[in-house]
Amino acid sequence: RHPLATFFHLFFRVSAIVTYLFCDWFSNSFVACFVTILLLLSFDFWSVKNVTGRLLVGLRWWNQIDEDGKSHWMFEAKRVPTTAASTEAEARIFWLGLIICPVIWTMFFFSTLFSLKLKWLALVIAGISLQTANLYGYIHCKLGGQKTISKVTSRLFRTADVPKRQSRRISEDGTDEHGRTGTR
């Protein structure tokens, strides 16, 4: 159902890894390689966080700062489950890409550290940070939705006029906020 989103979910991740592995073959400039890989990692972070997670698995997360300056992680999951076979395949691709890539960047960290290529260490740490931030956010979205499923279903049966396409927002402290699904 979303082949373009699936493509870009994997394209930026794989491109960053392949560029990291083979950048020295194509360019002698450390700065050009560093900036290229960092841009690919940034594009990947943004696209996964804002587009592919919402389209492929119905999950979204963001960080919100209140008037007091306190940071709150917000997690959102669609209530309406999709059962299409193509959606299940897309969800598997999403989760495999989300889990495997931080593992690869962690392996790059140790290989960079042990081979003493310390100039690449900052880039590898940025890759680990961006990849694990998305993984952390989506795991909280997924697990947060399952922890509060009994609360959500009891509210659903108590409320007579709940819209069909409604989403559940779960903040870091575990409270639910309800609203219509839309883009931010």
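Fair warning: this is a prediction, and the values are worked out from it, not measured in the lab.
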By side chain to side chain contact (heavy atoms under 4.5 Å, CB included), Ala133 pairs with (sequence neighbours left out) Phe45
Contacts satisfying salt bridge (charged side-chain N to carboxylate O under 4.0 Å, His left out) that involve residues 108-124 (not counting sequence neighbours) are none
The side chain to side chain donor-acceptor pair (under 3.5 Å) partners of Asn28 (sequence neighbours excluded) come to none
Members sharing Leu116's hydrophobic cluster, built from side-chain contacts under 4.5 Å between Ile, Leu, Val, Met, Phe, Trp and Tyr, are none
So disulfide bond (SG atoms under 2.5 Å apart) across residues 19-74, not counting sequence neighbours, yields Cys23-Cys33
Residue pairs meeting side chain to side chain donor-acceptor pair (under 3.5 Å), one or both in residues 3-12, sequence neighbours left out, come to His9-Thr52
The side chain to side chain contact (heavy atoms under 4.5 Å, CB included) partners of Leu21 (sequence neighbours excluded) come to Ile17, Phe108
Connected to Leu55, directly or through other members, by ILVMFWY side-chain contacts below 4.5 Å are Trp46, Val51
So the salt bridge (charged side-chain N to carboxylate O under 4.0 Å, His left out) pairs with at least one residue in residues 4-14 (sequence neighbours excluded) are Arg13-Asp44
So side chain to side chain donor-acceptor pair (under 3.5 Å) across residues 14-25, not counting sequence neighbours, yields Tyr20-Thr112
- [ ] Check the side chains of His72 and Asp66 for a donor-acceptor pair under 3.5 angstrom, ignoring hydrogens and angles.
- [x] yes
Applying side chain to side chain contact (heavy atoms under 4.5 Å, CB included) to Val35 and not counting sequence neighbours gives Val31, Leu39
Only one of Trp61, Trp73, Phe75 passes side chain to side chain contact (heavy atoms under 4.5 Å, CB included) with His140, and that residue is Phe75
For residues 93-115, the salt bridge (charged side-chain N to carboxylate O under 4.0 Å, His left out) pairs (sequence neighbours left out) are none
